[in-house]
Amino acid sequence: MGIVRRVIKAIEVPRDPGLTLAQQLITNEDLLPVVPENRTWRGYNYVAFWVADMFNINTWMIVSSMIQLGMSWWQAWICVWLGYGIVTPFLVLNARPGAIFHVTFPVVNRTSFGVFGSMWCVFNRGAMACIWYGVQASIGGTCVLVMLRAMWPSVNNIPNSLPASSGTNTRDFMCFFLFWLISLPVIWFPVHKIRHFFVVKMIVTPIAAIAFLVWCIVKAHGIGPIIHQPSTIHGSNLAWAMVVSLMSCISNSATLVTNAPDFASRARTPAAALYPQLFAIPLTCSVVCLIGILVSSSSQALYGEAIWSPIDLLGRFLDDSPSHATRFGVWFISASFIIAQNRTNISANSVSAGCDLTALFPRFINIRRGGYIAAIVGLCMCPWNLLKSSNDFTSYLSAYSVFLSSIAGVMVTEYYVIRKGHYNVADLYQTSKDSWYWYTYGINFRAYAAYIAGILINVVGFAGATGRTVPLAATRIYELSFFTGFGVSALVYYTLNRLFPVVGAAEIFLEIDVSSFEDRNLKSVSREHDAEEVVLEGKNGDYDVETRKVDF
């Protein structure tokens, strides 16, 4: 037993002494409000963050499915503007508690689902982040292959020594592993410092993308036929095709909407996480997609077919004995895409998984360790097999956005409608029955009822998406899954809170920590002293001031 205790002690994350067992289940340094010296993200850092996140291959190619549905290029581009323009306010709304109170998504989620009830939501988001880490790393491996081919063409002829059951070959696995390996050092840096990497990417990647665009237009002697291609669908078919397309943009951002507080918690001021994100997201996505459209249109003039993947197009440039200038150009652009994929993986997946796993196992995991766990899971899951069955994988991701939109609907309603900005930060780290967020044994049944309702309304439509025969109305509801999931969960949560009011419900909107947690300069809830805590309690906005002693 002595050896076991020493091993457990060795793998525990640093923590203050004297934590109770319950506190060890919900608290560590990375779950506490971010200390002032680590709130380093300014407005331009959030602009750089979104440029870094959106300049990736998935965003580049998102219009390809729209044009294949029969839309013209400008109709597809409008869908991108509308889709990301519509989803961005939801993201900013959900990021607000993180920017005001400097806590991450797992802690913000406790306010609505309960101290222990939040664990299921956090697990869902963490699992999704780990899966996406592997998928993005697999895509990054294709960038590494093109870059290596530009330097050493013989890389393409590496003999295969892996069995067919592996789903890959030696060459592709080597490139995947190299991308996975170069991502590891970035995970080491704390969240408040990785903003510098996003600034670097904001400079390098757009330059490479514009250079790629100019190169393709010059090479094709024009912008190609896609720009002149008219829509082949009209009327209601066109309308619903546009709805489905803009919903695909929204679903692509559902995970980021849910965990928006993770990065907002590092904001120097609340405004830094508001307006820069509100304008940077739709603008960046529209620019990336426009470049993708023009490059693919040029590729059709060059090769007789539209090549939507920029990596596949760069690979075509390396065929048939390219010149040294061509090889250098391919090397530079593919290297930029490697940087892009790496930064996207860190911003959208590694940090998110780190925050979520920290909340699940705070005694042993912090954000850094969680990021490395996500990387290991991404390696072990063999993500190339997921990408082979792209239709099934896309259906799975669309279904998963329903789960996340229902969570976001509850969280936004809790903050803006039920408690109207009132937080009790100290109670976020308490398991006592008089805590605001204890609810029923640490679980808020109102939130779970709303969450399940938001999922159920889309179940029949999802069955239709998997190939079963369902009513057209169910299909239409599912095609609007983000709004139906978000809207139903928000409405049910509001109704249940009217029927069963919670402690701390407010009538006026005021963003305030009623526990004055930060004002008392408490860096950890484990410090034991008697603190006079002013608590606002009451119903229907009629608050009385009560003073009670609390041991932290």
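Computed from a prediction, not measured in an experiment: that's the story for all the values here. If you read the sequence from its start, that first residue is 1, and numbering goes on from there.
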Residue pair [X] / [Y], side-chain heavy-atom distance below 4.5 Å:
X      : Y      : value
Val122 : Arg125 : no
Ile443 : Phe113 : no
Met147 : Ile338 : yes
Tyr415 : Ile100 : yes
Ile86  : Trp81  : no
Tyr84  : Ile62  : yes

Legend entry - Verdict with supporting geometry, Thr431 and Ile26, side chain to side chain contact (heavy atoms under 4.5 Å, CB included): CA-CA 9 Å; Thr431 57; Ile26 60 173; 3.8 Å; yes
Can you measure from [atom1] ([X]) to [atom2] ([Y]) and round to the nearest 0.5 angstrom?
X      : Y      : atom1 : atom2 : answer
Ile207 : Met202 : CD1   : CE    : 10.5 Å
Gln430 : Thr27  : CD    : OG1   : 8.0 Å
Ser489 : Tyr451 : OG    : OH    : 10.5 Å
Ile281 : Tyr46  : CD1   : OH    : 11.5 Å
Ile187 : Ile194 : CD1   : CD1   : 10.0 Å
Ile339 : Ile182 : CD1   : CD1   : 8.5 Å

Inset, instruction - Answer yes or no: does atom OH of Tyr441 have more than 12 heavy-atom neighbours from other residues, nucleotides or ligands under 6.0 Å? - result: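 Counting other residues, nucleotides and ligands, OH of Tyr441 stays at 12 neighbours or fewer.
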Legend entry - Tyr372, OH atom: more than 12 neighbouring heavy atoms under 6.0 Å: yes
Inset, instruction - Carefully, step by step, assess Phe123 and Trp120 under the rule side chain to side chain contact (heavy atoms under 4.5 Å, CB included). - result: CA-CA 5 Å; Phe123 170 78; Trp120 171 248; 3.9 Å; yes
Side-chain donor/acceptor pairs under 3.5 Å, residues 403-412, sequence neighbours excluded:
{"from": "Ser405", "atom 1": "OG", "to": "Ser401", "atom 2": "O", "distance (Å)": "3.2"}
{"from": "Ser405", "atom 1": "OG", "to": "Val402", "atom 2": "O", "distance (Å)": "3.0"}
{"from": "Ser406", "atom 1": "OG", "to": "Val402", "atom 2": "O", "distance (Å)": "3.1"}

Inset, instruction - Please check if the distance between the ring centroids of Phe517 and Phe101 is under 6.0 Å. - result: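 No.
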Inset, instruction - Establish, from distance only, whether the side-chain atoms of Thr484 and Asn458 form a donor-acceptor pair under 3.5 Å. - result: yes
Inset, instruction - Sort out for me which residue in Thr104, Thr255, Thr258, Asn259 forms a side chain to side chain donor-acceptor pair (under 3.5 Å) with Ser352. - result: Asn259
[X] side chain to [Y] backbone, donor-acceptor under 3.5 Å:
X      : Y      : answer
Thr142 : Ile139 : yes
Arg368 : Trp188 : yes
Asp427 : Ser435 : no
Thr59  : Phe55  : no
Asp262 : Phe105 : yes
Tyr44  : Pro276 : no
Ser112 : Asn109 : yes
Ser183 : Phe179 : yes
Lys420 : Ile508 : no
Asn444 : Tyr439 : no

Quick check: closest heavy atoms across [X] and [Y], and the distance to 0.1 Å?
X      : Y      : answer
Val115 : Met119 : O-CE, 4.3 Å
Asp356 : Pro106 : OD1-CG, 3.6 Å
Gln277 : Ala273 : NE2-O, 2.6 Å
Ala267 : His102 : O-CE1, 3.4 Å
Thr111 : Leu428 : CG2-CD2, 3.6 Å
Leu31  : Thr358 : CG-CG2, 3.8 Å

Legend entry - Audit row: Arg39, Arg266, side chain to side chain contact (heavy atoms under 4.5 Å, CB included) steps and yes/no: CA-CA 4 Å; Arg39 301 170 193 170; Arg266 269 67 184 176; 5.8 Å; no
Inset, instruction - Apply ring pair (Phe, Tyr, Trp, His ring centres under 6.0 Å) to Phe90 and Phe486, showing your working. - result: CA-CA 10 Å; Phe90 290 94; Phe486 186 99; 4.8 Å; yes
Inset, instruction - Not counting sequence neighbours, list each pair that qualifies as a ring pair (Phe, Tyr, Trp, His ring centres under 6.0 Å) and has a residue in residues 249-281. - result: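 Every ring pair (Phe, Tyr, Trp, His ring centres under 6.0 Å) pair that includes a residue of residues 249-281, provided the two are not neighbours, is Trp41-Phe263, Phe49-Phe263.
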Legend entry - Residue pairs, two or more places apart or on separate chains, that pass ring pair (Phe, Tyr, Trp, His ring centres under 6.0 Å) and touch residues 333-365: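 Non-adjacent pairs meeting ring pair (Phe, Tyr, Trp, His ring centres under 6.0 Å): Trp60-Phe337.
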Legend entry - Pair listing, salt bridge (Lys or Arg N to Asp or Glu O under 4.0 Å) test, anchored in residues 83-110, at least two apart: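 For residues 83-110: Arg96-Glu511.
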Inset, instruction - Among residues two or more places apart or on two chains, list those pairs meeting salt bridge (Lys or Arg N to Asp or Glu O under 4.0 Å) that have a residue in residues 128-139. - result: none
Legend entry - Check ion pair Arg419-Glu414 (N to O, under 4.0 angstrom): yes
Inset, instruction - Test Ser265 against Val103 for side chain to side chain contact (heavy atoms under 4.5 Å, CB included), laying out the working first. - result: CA-CA 5 Å; Ser265 63; Val103 289; 5.7 Å; no
Legend entry - Partners meeting ring pair (Phe, Tyr, Trp, His ring centres under 6.0 Å) with Phe116 (sequence neighbours left out): Trp438
Inset, instruction - Among Val492, Val502, Thr440, Leu499, find the residue that satisfies the side chain to side chain contact (heavy atoms under 4.5 Å, CB included) test when tested with Arg446. - result: Val502
